[in-house]
Amino acid sequence: MSTHKTRLAVFCSGSGSNFQAIFHALKKKQLNAEIVLCLSNRAHCGAMEFARRNGIATVHLTEKQLNSFDDFAAAMLRCLREQSIGIIVLAGYMRKVPDAVVAAFHDKIINIHPALLPKFGGEGMYGIYVHTAVLEAGETESGATVHLVNEEYDKGKILMQRHVAVLPDDTPETLAERVLACEHILYPDALEKFLAEQQL
Ligand code: GAR
């Protein structure tokens, strides 16, 4: 195995609890990778504050800062190249990654989704909306999925899943809480396996 550490960028929009789980797991498991960049569309979300507290470079980038979506994609690519990023980890990033970035990082972008894909994925299916849809469909189990990112929402190759029972008295919020706890185990495990395959 190479001694060169894979440089990870984590994209977030929210509290960043998956980011934190990955950050701690990389250290604990002594994985051959380090998070060197946190990119977010929200300057002061929990994830960005965590990055700042831990000496990780932060980039606040939104489409509104640029004249066009192409310029936005180019700015994103520039940040990634400046930091020599090898793998992008989406952890609660609530924006679509531009196609130009997906193409430049083919099979190098992973995402976590709070349901058992291919069910309950696609545009508009994120956060609490996912859990509401799972309950409305009368599912008896849900869970989380780590998958590769391609040009279509939640359609990339599934890498790993973890199941969670849906309880009779679940609300979207209680289900979200249990799924999130399972994500914190799943994402580090899936990333470890993914890195091992990349670094063979
Ligand atoms: C997680 O539940 C993640 O699966 C979900 O957002 C939450 C982020 O929480 N992502 C999506 O819905 C993407 N489609 P976090 O900021 O605490 O990691």
Side-chain angles (χ1 to χ4, degrees), residues 8-26 35 37-54 56 58-62 87-99 101-102 105 109-137 139 141-166 170-192 194:
L8 309 179
V10 181
F11 286 17
C12 303
S13 300
S15 66
S17 68
N18 277 294
F19 169 25
Q20 295 179 42
I22 288 170
F23 177 85
H24 293 305
L26 286 173
I35 300 169
L37 176 67
C38 176
L39 183 146
S40 179
N41 55 307
R42 292 181 54 218
H44 297 289
C45 64
M48 291 286 265
E49 301 298 2
F50 177 80
R52 288 183 189 107
R53 283 200 303 278
N54 287 279
I56 296 167
T58 57
V59 171
H60 172 226
L61 186 65
T62 70
I87 288 171
I88 301 171
V89 177
L90 306 185
Y93 184 61
M94 301 305 182
R95 290 284 187 277
K96 194 165 189 293
V97 178
D99 286 355
V101 176
V102 175
F105 284 80
I109 309 178
I110 60 174
N111 179 46
I112 190 156
H113 184 79
L116 296 173
L117 292 175
K119 283 178 158 183
F120 306 106
E123 195 163 359
M125 274 292 178
Y126 58 89
I128 206 73
Y129 300 110
V130 177
H131 307 295
T132 303
V134 168
L135 292 180
E136 280 174 358
E139 297 286 322
E141 67 170 5
S142 189
T145 303
V146 174
H147 64 95
L148 288 176
V149 172
N150 63 15
E151 283 79 2
E152 283 185 274
Y153 270 115
D154 303 326
K155 289 279 174 64
K157 181 183 167 199
I158 291 173
L159 299 178
M160 203 181 272
Q161 291 185 311
R162 207 176 159 96
H163 294 232
V164 165
V166 174
D170 260 333
T171 63
E173 289 74 19
T174 59
L175 180 58
E177 202 175 310
R178 286 204 315 288
V179 170
L180 191 60
C182 125
E183 292 180 44
H184 298 159
I185 301 166
L186 174 68
Y187 217 177
D189 284 353
L191 178 62
E192 181 175 10
F194 183 65

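Atoms within a ligand are numbered from 1 in the order they appear, just like the ligands themselves.
Scanning the protein for heavy atoms near atom 16 (O) of ligand 1, the closest one is G16 N, 2.8 Å. Closest to atom 14 (N) of ligand 1, if we only count protein heavy atoms, is H113 ND1, 3.4 Å. For atom 11 (C) of ligand 1, the closest non-hydrogen atom of the protein is P114 CD, 3.6 Å.
Using a 4.0 Å cut-off to heavy atoms of M125, the atoms of ligand 1 that qualify are 14 (N). Shown in contact with S17 at under 4.0 Å from a heavy atom are these atoms of ligand 1, numbered in order with element: 15 (P), 16 (O), 17 (O), 18 (O).
In this comparison of T145, D154, I112, the heavy atom closest to atom 10 (N) of ligand 1 sits on I112. Around atom 6 (O) of ligand 1, the closest heavy atom drawn from Q20, E177, M94, E123 belongs to M94. The residue among S40, G92, G14 with a heavy atom at the shortest distance from atom 7 (C) of ligand 1 is G92.
Put simply, the side chain of S40 never gets that close to the backbone of A43: no donor and acceptor are under 3.5 Å apart. One N or O on the side chain of T145 and one on the backbone of A115 form a donor-acceptor pair closer than 3.5 Å. H147 contributes no side-chain N or O that, together with a main-chain N or O of P118, makes up a donor-acceptor pair within less than 3.5 Å. The main-chain N or O of G122 is found under 3.5 Å from a side-chain atom of D154 such that the two form a donor-acceptor pair. The main-chain N or O of I128 is found under 3.5 Å from a side-chain atom of T132 such that the two form a donor-acceptor pair.
Looking at S142 and H131, their side chains never bring a donor and an acceptor atom within 3.5 Å of each other.
Using a 4.0 Å cut-off between heavy atoms, L180 contacts ligand 1 through its side chain alone, with no backbone atom that close. Here E183 has side-chain heavy atoms under 4.0 Å from ligand 1, and that is the only part of it that gets that close.
In summary, of the residues considered (I56, V59, T58), a side-chain contact (heavy atoms from CB on, under 4.5 Å) with M48 occurs for T58 alone.
Every N/O-N/O distance between Y126 and ligand 1 stays at or above 3.5 Å. Taking distance alone, with nitrogen or oxygen atoms compared against 3.5 Å, N111 stays at or beyond that limit from ligand 1.
Residues A144 and V179 approach most closely at CB-CG1, 4.3 Å, considering heavy atoms.
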*Would you sort out whether C12 and Y93 count as a side-chain contact (heavy atoms from CB on, under 4.5 Å), showing the intermediate values?*
CA-CA 4 Å; C12 303; Y93 184 61; 5.8 Å; no

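Look at G127 and you'll find a heavy atom under 4.0 Å from some atom of ligand 1.
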